[in-house]
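See structure below.
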Amino acid sequence: MLERFVSLAVAGSGGAGVVTTGNLLLDAAARVGWYAYMTRSAGPQIRGGEAAAMIRLGSAPADAHDDHYDLLVAADWESAGRFAAELPLGATSIVLGDPRAGERPPFLVDAPARMLDLPMTALADEIPGGRANMVALGAIAELIGLPDEPLLAAIRHAIGAKGEAAVEASVASLRAGRSAVPDIPDFPRLEPRPAAPGMRWNISGNEATGLGALRGGVRFVAAYPITPATEVLEWMAHGLPRVGGALVQAEDELASINQIVGASYGGVPSLTATSGPGLALMTESLGLAVAAEVPVVVVNVMRGGPSTGIPTKSEQADLNIACYGLHGDAPHLVLAPHSVADCLMTTQWAVHLAESLQTAAIVLTDQATGQARAVIERPAELAFIGQRVVPESVAGYERYALTVNGVSPMAIPGMAGGEYTADGLEHSPSGTPSSQAADHQAQLDKRLRKIAGYNYGEHWAEIDGDADPDVALLTWGSCTGPCREAMARLRAQGWRVRLVAPRLIAPALPGPMAEALAGAPRLLVVEQSHGAQFLRYLRAHYDLPGEVRSLHQPGPLPVRPGTIVARVTNWS
Amino acid sequence: MLERFVSLAVAGSGGAGVVTTGNLLLDAAARVGWYAYMTRSAGPQIRGGEAAAMIRLGSAPADAHDDHYDLLVAADWESAGRFAAELPLGATSIVLGDPRAGERPPFLVDAPARMLDLPMTALADEIPGGRANMVALGAIAELIGLPDEPLLAAIRHAIGAKGEAAVEASVASLRAGRSAVPDIPDFPRLEPRPAAPGMRWNISGNEATGLGALRGGVRFVAAYPITPATEVLEWMAHGLPRVGGALVQAEDELASINQIVGASYGGVPSLTATSGPGLALMTESLGLAVAAEVPVVVVNVMRGGPSTGIPTKSEQADLNIACYGLHGDAPHLVLAPHSVADCLMTTQWAVHLAESLQTAAIVLTDQATGQARAVIERPAELAFIGQRVVPESVAGYERYALTVNGVSPMAIPGMAGGEYTADGLEHSPSGTPSSQAADHQAQLDKRLRKIAGYNYGEHWAEIDGDADPDVALLTWGSCTGPCREAMARLRAQGWRVRLVAPRLIAPALPGPMAEALAGAPRLLVVEQSHGAQFLRYLRAHYDLPGEVRSLHQPGPLPVRPGTIVARVTNWS
Amino acid sequence: MEHLQAMRGLAPKDFKSDTKPVWCPGCGHFSVLAAITKALAELSLPREQVAVVSGIGCSSRIPAYTSVYGFHGVHGRALPTATGLKLARPDMTVLVTGGDGDGFSIGGNHFLHACRRNVDMTYIVMDNQVYGMTKGQASPTTDAEWDGSKLTPDGPCIEPFPPLKIALAAGANFIARGSSSDPNDLARLIVDGVRHPGFSVIQVLSPCVTFRPEQKEWKKKVRTACVDYTDDPARAARRLMTDDGFNFGKVLFKGTRPAFVPECSDVPCAIPELESGFAV
Amino acid sequence: MEHLQAMRGLAPKDFKSDTKPVWCPGCGHFSVLAAITKALAELSLPREQVAVVSGIGCSSRIPAYTSVYGFHGVHGRALPTATGLKLARPDMTVLVTGGDGDGFSIGGNHFLHACRRNVDMTYIVMDNQVYGMTKGQASPTTDAEWDGSKLTPDGPCIEPFPPLKIALAAGANFIARGSSSDPNDLARLIVDGVRHPGFSVIQVLSPCVTFRPEQKEWKKKVRTACVDYTDDPARAARRLMTDDGFNFGKVLFKGTRPAFVPECSDVPCAIPELESGFAV
Ligand SMILES: Cc1ncc(C[n+]2csc(CCOP(=O)(O)OP(=O)(O)O)c2C)c(N)n1
Ligand SMILES: Cc1ncc(C[n+]2csc(CCOP(=O)(O)OP(=O)(O)O)c2C)c(N)n1
Ligand code: SF4
Ligand code: SF4
Ligand SMILES: [Mg+2]
Ligand SMILES: [Mg+2]
């Protein structure tokens with residue numbers, strides 16, 4: 001493999017500037033044509049508690065962390081210790097600690113890593129306005145081969161407004177860090193690459209989701225804040241009014257889902273974003289959207305459950321409620337992006353599908369992807385713009401007409417002659433309430449038909465790897481990145497591997513799935529849930545070929561590529 | 001088979017006394033030692049619209065309607081016509097119509113039935129205070145062999161308070177009906193049987209549910225009215241205060257579920273009852289009950305869905321939301337009674353299990369069973385009384401201690417030294433919020449273990465029929481009655497058949513299920529849903545043996561025994 | 001009046017659909033429907049520019065009985081649905097219809113926040129102090145002693161909820177009471193409400209003849225309010241304090257708070273302009 | 001005062017748990033916690049007879065920081081949870097704690113109905129005019145112009161919600177305002193609220209120093225109210241009309257409506273007695 005990666009983590013207390021360090025690294029990395037993936041972790045304190053930034057830089061895009069970190073920079077031991085489980089170290093890992101921080105802490109005593117001193121605070125103290133985190137940044141830059149110029153540009157971009165003195169103090173701190181770090185010949189270094197300006201984006205999953213919605217045509221959002229979905233909304237609150245749309249903060253999730261149903265009934269593509277507890281409050285009205293055939297999109301950024309669970313950390317355990325949480329027979333769409341960049345494409349596609357099929361679409365992302373920040377290739381334009389079938393003529397118009405493909409033309413308020421009443425009560429084709437078995441059957445058939453019979457094309461899944469595999473990895477969402485990496489490692493060991501990650505979770509597409517899995521004698525289903533929700537969903541809806549095994553692990557720790565590799569190589 | 005049954009339907013407009021006729025028949029039937037099963041249907045009008053009573057009387061209990069009605073009594077044709085799809089007639093069926101009602105209506109023109117005149121209104125007009133529905137009742141009684149005496153007792157019980165004149169007018173009407181009906185030699189007649197007083201109960205499914213809850217120990221109910229669950233609550237509002245409990249009408253379902261969570265946290269077994277839309281509003285807080293380990297029981301009386309759907313009619317389409325509707329990994333209990341009488345046993349067991357396992361239990365009944373009224377054998381006492389494990393000592397008490405069976409002793413407010421905070425946030429064994437992966441894993445394991453590892457004994461399913469079957473019928477809830485009848489018919493034709501109807505839907509019990517289905521080369525899964533929800537649930541959680549076929553049909557028409565027989569005999 | 005309307009355009013009957021109401025004979029909601037169609041005719045609105053939005057209940061069935069755009073949503077959520085519609089489609093005239101259960105019990109939070117948010121729409125609540133649709137349970141406006149429900153056989157034992165007082169406290173800017181016994185008068189109030197910029201609340205006494213037959217007497221008890229509206233909340237509050245609930249036909253309070261309109265650029269930019277923020 | 005309490009039994013510190021609050025240094029909620037523990041000591045209640053119930057929010061974390069029975073439920077549902085507990089266990093003393101978002105936004109309907117239902121419990125709402133826990137969005141009590149949130153960058157543009165006016169209109173019978181700047185005073189109000197039979201609402205001005213740093217100035221703005229409570233709702237309403245939101249330390253309104261207690265037989269019968277109704 002020609003691509004190179006380096007993994008590093010920075011941990012410290014609230015004031016230590018950990019996140020600033022991470023952001024500067026990402027910005028600088030983008031400027032030298034690298035790619036990056038960064039997640040963050042924080043303690044339970046609302047503000048001022050400990051924080052860690054976990055960063056992977058590479059010559060190619062990465063959608064997952066490695067099994068361990070090449071470098072851990074600890075501003076103090078206590079803060080770093082809080083994240084011990086999240087910061088696995090390997091035999092070649094380097095830990096840079098401030099000698100002022102005292103004794104090596106218990107969690108590092110048995111760690112295989114190499115411990116080195118970096119007098120961050122002492123060096124910073126020597127510089128007027130100097131900062132320890134900038135010293136650390138300099139040390140990191142030196143180790144990984146990041147030149148001065150992009151770092152300076154990043155610093156200027158971030159704090160230029162504070163004046164030249166602040167910039168200079170930072171630069172001096174950087175340089176002090178560079179000189180203080182010993183030469184470690186075997187440390188992984190990356191080569192700068194020529195990068196055309198603007199061809200790299202620095203974007204978070206939640207921002208990409210918001211942008212995808214806008215690109216898909218969403219012009220109305222109503223929502224109630226909830227971690228970790230709020231950034232989707234914050235970005236849209238900034239973006240929507242600029243493109244002629246609006247965002248409303250609602251009194252609760254019951255209001256937000258019904259506001260978007262009302263707005264969409266009015267012809268305006270609409271969306272809300274929430275997380276597990278909020279989604280639970282929305283399912284009644286999602287059923288209304290399905291029955292009354294009003295397109296809506298709900299982005300659910302998953303966090304640890306059940307109940308309030310672990311609000312700031314990631315898990316993939318809302319698959320059940322997303323697929324099955326509506327009462328009655330209520331077929332709808334469930335989609336899941338598999339990376340930060342894919343949040344854009346999948347959300348845009350979700351809007352397109354919801355509008356085309358006049359139904360509810362749930363987009364499942366998670367805290368790991370939503371709050372991750374990545375340096376990615378500038379995304380291409382996509383042709384998915386929400387489009388509703390409207391009546392060509394209103395003569396004898398019937399809102400819920402029994403069409404062949406199940407999609408009934410939808411009159412938009414303001415359209416003379418199209419007046420009808422949208423209804424969550426079962427109805428006849430005209431929309432008049434009906435409790436007749438025949439009407440019920442006809443409308444149930446129609447609502448299923450339009451979704452099950454639609455041609456979703458190639459986008460339904462990411463499929464990659466070998467044609468005649470020894471094993472197929474079947475996964476979804478943020479486990480796709482680790483699976484992709486596991487696949488690469490397995491192939492490097494001589495295995496033939498296929499990766500299948502459906503972007504469209506519901507409806508199930510038995511034909512394409514059978515084709516995607518054809519010839520795989522072994523199938524490993526990989527997911528981040530305690531209850532193996534994805535495996536059970538697959539069993540319910542697909543005939544899975546070959547020997548099926550499950551790797552399911554709850555949050556908040558990510559599923560690591562090495563764990564997947566081990567499960568495949570120790571098949572049982 | 002020695003048991004005999006007769007099926008009859010009475011239809012008329014709002015004022016025609018259709019339901020009174022049905023109720024009197026049931027009461028009288030009980031008095032001669034018969035069993036009965038009655039469902040009702042009404043038009044969309046809130047009051048005063050058309051109504052139909054569908055009744056099956058027999059020498060043995062019946063939990064389902066037959067394929068067609070032996071007798072249809074129509075007070076007028078228009079009303080009867082509204083129920084055409086619900087009132088199938090066979091070649092030997094009799095239709096009694098009032099000659100004053102005019103022409104035989106379209107839906108009967110092609111019907112195979114025999115049409116007879118019964119001048120109900122004319123005969124009633126001749127009697128001072130006479131009533132056409134009593135004339136009809138007399139005619140029915142004459143046809144099916146129901147003697148005068150129990151009918152008189154039933155009438156006296158129902159309207160005795162109105163005075164002797166009213167009773168006499170009814171009796172005279174009855175007699176007029178008896179004499180007006182022609183002799184139909186091949187009409188199915190039942191023999192009166194000696195019946196000890198009090199050994200037959202006349203009870204509805206919803207009442208049985210309420211009684212089961214009381215027997216299980218429920219002493220607090222909070223609820224919001226919704227069709228068709230309201231009668232559960234009405235009966236409890238009457239019963240609970242008498243046994244020292246209380247029922248509170250809440251402002252909405254969010255309030256009712258949280259009120260019962262609060263009451264149960266206080267140590268009092270608590271329940272609410274609702275239907276689909278209400279259940280959807282409760283799932284967030286059901287997740288809280290699971291995570292905080294507070295026992296609660298939610299009875300969900302299913303109606304046609306999705307959304308508001310068909311609120312007055314039956315369907316089995318809330319299985320998905322009941323099993324999967326909670327966000328995060330939230331294992332809980334789902335139970336389903338399979339008959340009117342079983343509502344008592346299953347609800348009582350649900351309370352027992354919820355209390356023993358400190359979790360949420362959802363009891364799924366449906367409109368058909370809940371609003372059906374049946375004459376049944378007096379139910380036995382059962383030993384299931386809600387019982388919580390409380391701490392034996394409070395020294396070093398930890399609310400969420402990691403016990404072997406997963407059940408942690410629960411301190412009840414008022415218990416000194418047991419003070420703890422119940423929490424929907426993930427927590428350590430002591431209950432302190434924790435976002436550590438290890439705590440999350442331990443508590444997820446514990447909450448799963450207590451439910452998956454419990455010994456549910458024999459009650460988990462109704463299992464009946466042949467040891468070495470040609471085919472097994474796997475069904476649930478109100479489809480059990482039709483399946484049981486289909487089994488009887490198939491066995492009469494020489495088939496070897498087994499019936500398996502789990503009362504415990506979640507958790508799945510792979511061992512007992514494998515045993516129950518062992519040896520069946522063919523498996524027919526029978527359910528009343530459009531999306532084959534039960535089949536998919538089974539596929540997800542069980543390895544189903546043999547050739548699996550699905551008979552899934554949405555509501556509101558019941559699944560008829562003949563349809564099941566036909567599916568088995570025309571296997572494909 | 002009808003003649004004049006006919007000259008201008010549509011007559012009240014043109015705003016009625018062909019769907020037969022499921023209501024009990026004598027139900028007050030019939031008159032409310034008549035008042036709404038009269039008001040729409042009076043306002044000379046084109047059918048396609050009007051939407052009637054509701055939740056669930058007997059009263060919430062109204063949309064299907066009109067010939068304008070209608071939305072029959074879920075129980076308690078009429079106001080947010082209507083809010084979304086109006087904010088996304090400010091050109092539409094939005095009426096919201098419902099009952100005391102839908103609006104003040106399960107929908108109470110949205111009622112509070114609609115009064116506060118002040119989106120330009122007209123909310124007509126048919127108050128019959130009972131849940132008609134579910135066959136007669138106590139609602140938030142039911143008397144504490146009413147023992148007609150099997151769910152609360154000794155009465156709800158809770159003081160009734162004063163909807164107009166709450167509306168005033170929550171910041172509603174147009175508060176009125178009508179009665180189904182006088183649909184012409186009610187039509188006038190609705191016209192006034194629709195013309196008022198912002199959120200208008202009209203409580204309508206509309207008897208449930210089936211589950212509250214004693215409400216048939218209401219037509220004897222109601223009286224036309226003798227004073228016209230005030231724009232002083234303190235005075236309105238005093239009036240509501242002494243109100244017995246049977247004064248109708250007049251607007252009680254009208255304020256001047258501007259209607260809520262979300263921020264939105266008049267000259268929308270193209271999406272790539274927004275995207276430039278992500279480029280490094 | 002503490003000395004006296006210690007003689008009687010438990011001191012305030014005995015009502016504190018060992019769990020370290022997640023709050024930001026300087027958060028007003030610390031004082032509210034102190035006031036609650038002081039009040040419990042003053043009331044000389046045994047720990048096991050007290051339960052503190054909450055929803056979700058920074059303020060809603062309080063139960064875990066006390067040493068009594070606690071319930072940390074879901075967002076917005078503290079009041080129904082507490083209602084169920086109190087009705088099922090009338091012997092328990094029930095406090096409810098939460099924030100302006102939890103109580104007035106998502107929980108608004110329960111707030112209305114709790115005021116109306118009048119179950120004997122004490123509701124302490126820490127009002128910081130912001131959603132602290134979710135990092136600073138506008139709450140129902142936030143000023144229309146506050147532009148500190150990325151979700152409403154031009155301000156919520158909606159008039160703030162007046163919680164005590166709503167409480168009064170909805171029928172609350174004990175209405176008071178406290179401030180985290182004076183925990184002793186607040187403790188006194190809480191004691192008074194707990195002793196009041198029925199539902200007591202105490203709004204507490206409790207600054208969010210992180211997302212509303214300007215609220216640090218509140219301690220300069222607040223003033224002890226100069227008049228004591230009235231039992232006349234009309235007078236209370238007038239006072240609230242002219243109130244600027246910074247008068248604290250006094251009960252504003254106390255009514256005499258009896259607390260809600262559900263019907264329940266003192267001499268419970270056996271279940272078979274009920275069953276006899278089914279036998280034919
Ligand atoms: C979530 C939910 N809960 C309960 C119901 C049942 N339900 C339907 S209408 C209604 C009350 C209607 O009362 P109101 O709004 O006063 O209207 P009315 O029928 O009196 O006109 C209830 C409780 C429902 N449809 N949905
Ligand atoms: C159903 C649901 N929606 C949203 C959230 C996210 N959330 C948690 S706390 C909170 C607001 C808290 O504000 P407030 O009650 O004022 O408490 P504060 O933090 O200001 O003390 C929100 C929106 C949630 N936990 N659950
Ligand atoms: S039940 Fe009452 S509210 Fe409903 S239609 Fe009949 S009279 Fe009207
Ligand atoms: S965010 Fe605000 S309310 Fe929350 S702990 Fe910090 S200061 Fe207090
Ligand atoms: Mg009503
Ligand atoms: Mg707050």
Side-chain angles (χ1 to χ4, degrees), chain A residues 27 30-31 197-203 207 211 214-215 219-220 222 239-248 250-252 254-268 270 284-285 287-288 292 375 378 411 413-425 431-433, chain C residues 17-19 22 46-53 56 61 63-89 91-92 94 109-110 112-113 116-117 261-280:
Chain A
D27 190 359
R31 290 170 196 265
M199 290 313 288
R200 288 280 182 283
W201 278 18
N202 178 340
I203 194 168
E207 289 166 348
L211 178 58
L214 243 59
R215 281 191 174 184
R219 289 300 177 271
F220 184 81
L240 264 175
R242 281 169 185 70
V243 298
L247 178 141
V248 176
E251 57 269 31
D252 59 18
L254 302 162
S256 43
I257 181 75
N258 284 284
Q259 281 196 25
I260 68 165
V261 168
S264 175
Y265 163 80
V268 177
S270 299
E284 187 202 7
S285 299
L288 171 65
V375 172
R378 175 198 175 136
M415 202 174 274
E419 298 83 3
Y420 75 100
T421 293
D423 210 322
L425 277 170
T432 310
Chain C
S17 78
D18 301 334
T19 306
V22 297
R47 276 200 288 244
E48 68 275 14
Q49 284 302 122
V50 181
V52 183
V53 178
I56 299 289
R61 290 280 187 139
Y65 307 148
T66 69
S67 62
V68 299
Y69 278 93
F71 195 103
H72 187 215
V74 296
H75 191 39
R77 318 291 166 210
L79 285 170
T81 311
T83 299
L85 173 59
K86 180 69 189 180
L87 294 180
R89 289 293 307 277
D91 59 309
M92 296 291 296
V94 178
N109 200 31
H110 309 305
L112 271 184
H113 288 275
R116 194 167 94 74
R117 191 177 279 119
V261 178
E263 284 299 320
C264 167
S265 164
D266 291 340
V267 217
C269 72
I271 292 179
E273 225 174 286
L274 285 177
E275 293 176 346
S276 61
F278 297 120
V280 185

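Order of the sequence lines fixes the chain letters, A, B, ..., with proteins taken first and strands second; residue numbering starts at 1 for each chain.
Ion pairing between A/Arg378 and C/Glu275 fails under the 4.0 Å rule for side-chain N and carboxylate O.
Listed for the C/Arg89 side chain is a donor-acceptor partner under 3.5 Å among the backbone atoms of A/Gly266.
Ranked by heavy-atom pairs under 4.5 Å with chain A, the list C/Ala51, C/Ala64, C/Ala270 is led by C/Ala64. With chain A as partner, the option from C/Arg47, C/His110, C/Met92 having the largest number of non-hydrogen pairs under 4.5 angstrom is C/His110. Among the candidates C/Pro262, C/Ala78, C/Gly277, C/Cys269, the residue making the largest number of heavy-atom pairs closer than 4.5 Å to chain A is C/Cys269. With chain C as partner, the option from A/Ser256, A/Ala292, A/Gly287, A/Ala411 having the largest number of non-hydrogen pairs under 4.5 angstrom is A/Ala411. Interface remark: of the candidates A/Ala422, A/Pro413, A/Ala263, A/Pro413 forms the most heavy-atom pairs closer than 4.5 Å to chain C. Your options are A/Arg200, A/Met199, A/Arg31, and the one with the most heavy-atom pairs under 4.5 Å with chain C is A/Arg200. When A/Asn202, A/Leu240, A/Val261, A/Val248 are compared by the number of non-hydrogen pairs under 4.5 Å with chain C, A/Asn202 comes out ahead.
Within the 4.5 angstrom heavy-atom criterion, atoms from both the backbone and the side chain of C/Val280 approach chain A. Proximity to chain C involves both the backbone and the side chain of A/Arg215, based on heavy atoms less than 4.5 angstrom apart. Contact of A/Val268 with chain C is made through the side chain alone, with heavy-atom distances under 4.5 Å. Interface remark: C/Thr19 contributes side-chain atoms only to the contact with chain A (heavy atom separation under 4.5 Å). Heavy-atom distances place both the backbone and the side chain of A/Ala416 under 4.5 Å from chain C. Of the two parts of C/Arg61, only the side chain, counted from C-beta on, holds a non-hydrogen atom closer than 4.5 Å to a non-hydrogen atom of chain A. Heavy-atom distances place both the backbone and the side chain of A/Arg242 under 4.5 Å from chain C. For A/Leu211, the part lying under 4.5 angstrom from a heavy atom of chain C is the side chain only.
Checking each of A/Asn258, A/Leu254, A/Ile260, A/Ile257 against C/Pro80 for a side-chain contact (heavy atoms from CB on, under 4.5 Å) leaves exactly one that passes, namely A/Asn258.
For C/Asp18, the CG atom counts as loosely surrounded, since its 6.0 Å shell holds 12 or fewer non-hydrogen atoms of other residues, nucleotides or ligands.
When all heavy atoms of A/Thr421 and C/Pro63 are compared, the closest pair comes out as OG1-O, 3.3 Å. When all heavy atoms of A/Leu288 and C/His72 are compared, the pair lying nearest together is CD1-O, 4.1 Å.
The aromatic rings of C/Tyr69 and A/Tyr420 stand perpendicular to each other, their planes meeting at an angle above 60°, with 30° marking the opposite boundary.
One distance of note links OG1 of C/Thr83 with CD of A/Glu251; it measures 7.5 Å at 0.5 Å rounding. Going from atom CG of C/Leu87 over to atom CZ of A/Phe220 covers 5.0 Å, rounded to the nearest 0.5 Å.
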**Study point:** Steps toward side chain to side chain contact (heavy atoms under 4.5 Å, CB included) verdict (A/Asp252, C/Asn109)
**Key:** CA-CA 9 Å; A/Asp252 59 18; C/Asn109 200 31; 3.4 Å; yes
